[in-house]
Amino acid sequence: MTATGDTPKRLRRLLKRREFLRAARGSRAGRAGFSLQAIAGAAEVPGLGFTVTRKTGNSPERSRIKRRLRAASEACSSQFRPHHDYVLIGRREALTVPFEALVEGLSGAIARVHAGKAQSQRPPGNRNETQ
RNA sequence: CCAGUUGACCGGGCGGCCGCUCCGCUCAGGCGGGGAGGAAAGUCCGGGCUCCAUCGAAAUACGGUGCCGGAUAACGUCCGGCGGGGGCGACCCCAGGGAAAGUGCCACAGAAAGCAAACCGCCCGGCUCCGGCCGGGCAAGGGUGAAAGGGUGCGGUAAGAGCGCACCGCGGCCCCGGCAACGGGGACGGCAGGGUAAACCCCACCGGGAGCAAGACCAAAUAGGGAUGACGCGGGUUUAGGCCCGGCCGGUUUUCGAGGCCAGUCAUCCGGGUUGGUUGCAUGAGGGCGCCGGCAACGGCGUUCCCAGAUGAAUGGUCGCCACGUCGAGGAAACUCGGCCCUACAGAACCCGGCUUACAGGUCAACUGGCGUC
RNA sequence: GCGGGUGUAGCUCAGGGGUAGAGCAUAACCUUGCCAAGGUUAGGGUCGUGAGUUCGAAUCUCAUCGCCCGCU
């Protein structure tokens with residue numbers, strides 16, 4: 001799991017509850033199949049975490065959602081910026097959405113998240129429902 | 001051919017490209033190989049394994065199991081029987097020990113719900129104001145109820161009654177078959193003992209507790225905790241415990257002393273938290289095939305195979321072809337074309353044996369009933 | 001991995017073998033000039049589901065489903 005020097009595209013995987021909670025305070029963007037959260041962090045290597053709640057489905061469905069999202073994030077791994085942490089929250093639609101649409105959505109969501117961060121910090125109480 | 005019963009099984013296949021994880025080899029570039037299930041699930045039982053407790057066991061309490069025999073490491077599982085119930089049948093279902101050890105409960109209805117009793121009644125005698133009343137006998141009939149003290153019939157009687165008899169049931173006894181549960185038969189008894197133990201309970205048998213986040217080890221870094229004991233210093237004496245002498249007295253409890261507490265020193269013992277890694281960890285009550293024993297569960301022997309090991313948790317993404325299913329169109333049909341689903345239930349986490357539950361679609365075998373033909 | 005609780009009227013809960021109840025809510029009526037409060041009455045239940053024991057099950061037993069909560 002350690003990122004070696006010759007593979008710089010390798011991402012750091014977020015593991016701890018604290019890291020997920022921190023990312024939840026950042027800006028977010030929703031797309032079909034997932035919701036993306038991003039926040040600036042100290043580490044140079046960008047971090048990425050996946051989470052799918054119990055309510056989404058049973059075990060094979062949750063597992064499959066994570067796999068498809070993981071494959072999609074491999075496809076656009078170069079777009080993740082250094083000094084940032086990302087969390088992908090899986091939704092049920094991730095089971096059925098075509099894979100190209102998933103990759104496209106993720107690419108757009110990353111751009112959207114950084115654009116939203118540039119304009120202002122998230123004001124408290126304002127639900128950021130961007131769809 | 002139709003309907004059904006039981007058992008067993010499959011639960012997409014092949015191939016590109018890009019990835020993930022483990023193992024082996026490596027000339028360090030890579031190469032080769034393995035990679036979810038029948039339920040991996042629920043966690044309802046039984047074990048292995050590890051630690052804790054205990055001299056070893058037994059008992060109490062609590063919990064579980066409950067016809068008999070067998071299988072098994074063990075089981076609440078499985079197999080074969082027995083008994084009861086259901087089905088025309090193949091076959092299916094049953095927590096199926098004990099109610100003469102004791103206690104409790106049996107609503108409503110009913111006279112009466114557990115020990116015998118008598119509401120309407122029936123019979124005999126007496127009295128009568130002719131409505132009935134009193135005394136005695138009876139439990140067959142009526143009525144209530146889920147259940148009313150063996151059932152049916154005949155005899156018997158004032159009316160009746162196991163009062164007597166026959167058959168059936170019941171009870172213990174004897175004989176026979178069976179390892180046994182149990183079954184068959186015989187003579188006897190003369191009915192006593194309603195139901196409920198998934199009510200308490202009694203009897204027999206089983207169970208120490210916790211769980212791989214068990215447990216063992218390594219490294220780093222940080223903090224230095226708790227308990228107990230001794231202790232101011234020097235000298236003398238004694239084997240030692242101790243005793244004696246001198247000077248000095250950490251803080252606090254008003255002062256001194258004793259004692260206590262706190263702080264300090266030393267010794268012994270015990271221990272916490274954080275992060276990462278290794279191990280446990282995959283050769284096992286293991287799978288396939290064949291032969292033998294057994295009705296079977298299963299066992300024995302031979303041979304062969306190595307078959308997932310992740311730790312925010314791998315086994316994926318995508319494309320093509322084929323197969324299956326389904327829908328639509330064409331066709332007399334075989335079939336052709338196009339679309340859809342490109343699949344059900346569901347994802348290993350120490351391992352194994354079961355149970356239970358979920359499951360689109362499909363395959364095979366044996367058997368049963370019915371119809372048709374020969 | 002281990003363990004516990006709960007499911008009854010629209011909501012919150014009683015009932016632990018013998019005809020399913022309370023409060024709030026709903027509806028109608030009374031009261032008031034009107035509303036609220038108050039009063040009277042009514043309706044509303046597969047007792048989570050399926051088997052079993054029993055004469056009889058919301059209650060006892062077994063299986064199953066959903067929800068909630070602990071410990072590690």
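Sequence lines set the chain letters: A, B, ... in the order given, protein chains first and strands last, and positions in each chain run from 1.
- Remark: the backbone N or O of A:Glu104 is not paired with any side-chain donor or acceptor of A:Ser107 at under 3.5 angstrom.
- Across all strands shown, the partner of B:G316 is B:C18, judged by Watson-Crick or G-U wobble contacts whose two distances both fall under 3.5 Å.
- A glycosidic torsion no more than 90° from 0 defines the syn conformation; B:G136 lies beyond that range and is anti.
- Across all strands shown, nothing is found opposite B:C130 as a Watson-Crick or G-U wobble partner with both distances under 3.5 Å.
- Atom pair A:Asn58:CG and B:A39:C1' shows a separation of 14 Å (rounding to whole Å applied).
- Between A:Lys66 and A:Pro60, it is A:Lys66 whose nearest contact on RNA chain B lies nearer the 5' terminus.
- Nucleotide B:G331 forms no Watson-Crick or G-U wobble pair with any nucleotide shown, as no partner meets the under 3.5 Å limit on both distances.
- Taking atom P in both B:G89 and B:G164, the straight-line distance is 44 Å, to the nearest Å.
- Looking at RNA chain C, the stems built from 3 or more consecutive Watson-Crick or G-U wobble pairs, each pair with its key distances under 3.5 Å, are C:1-7 with C:65-71, C:10-13 with C:21-24, C:26-30 with C:38-42, C:48-52 with C:60-64.
- Pairing of B:C256, defined by two Watson-Crick or G-U wobble distances under 3.5 Å, is not identified with any nucleotide.
- The side-chain heavy atoms of A:Arg81 and A:Tyr86, taken from C-beta on, include a pair separated by under 4.5 Å.
- With both ends at atom C1', the span from B:A148 to B:A139 equals 12 Å, rounded to whole Å.
- One P atom belongs to B:C307, the other to B:G29, and the distance between them is 29 Å to the nearest Å.
- Comparing the P positions of B:C176 and B:G81 gives a spacing of 28 Å, expressed to the nearest Å.
- B:U279 is paired with B:G215 under the Watson-Crick or G-U wobble criterion, all donor-acceptor distances under 3.5 Å.
- Atom-to-atom distance recorded for A:Thr96:OG1 and A:Arg68:CZ is 8.0 Å, nearest 0.5 angstrom.
- Taking NE2 of A:His84 as the reference point, atom CD1 of A:Ile110 lies at 11.5 Å (rounded to 0.5 Å).
- Within the 4.5 Å cutoff, the side chain of A:Phe34 has heavy atoms near those of the A:Leu102 side chain.
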Protein N or O to nucleotides 315-320 of chain B N or O, pairs below 3.5 Å:
| from | atom 1 | to | atom 2 | distance (Å) |
| --- | --- | --- | --- | --- |
| B:U315 | OP2 | A:Arg67 | NE | 2.8 |
| B:G317 | OP1 | A:Arg64 | NH1 | 2.8 |
| B:G317 | OP1 | A:Arg64 | NH2 | 3.0 |
| B:U318 | OP1 | A:Arg68 | NH2 | 2.8 |

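- Using a 4.5 Å cut-off on side-chain heavy atoms (C-beta onward), A:Leu36 and A:Arg31 make no contact.
- As a whole-Å value, the separation of A:Ile65 CD1 from B:A314 P is 14 Å.
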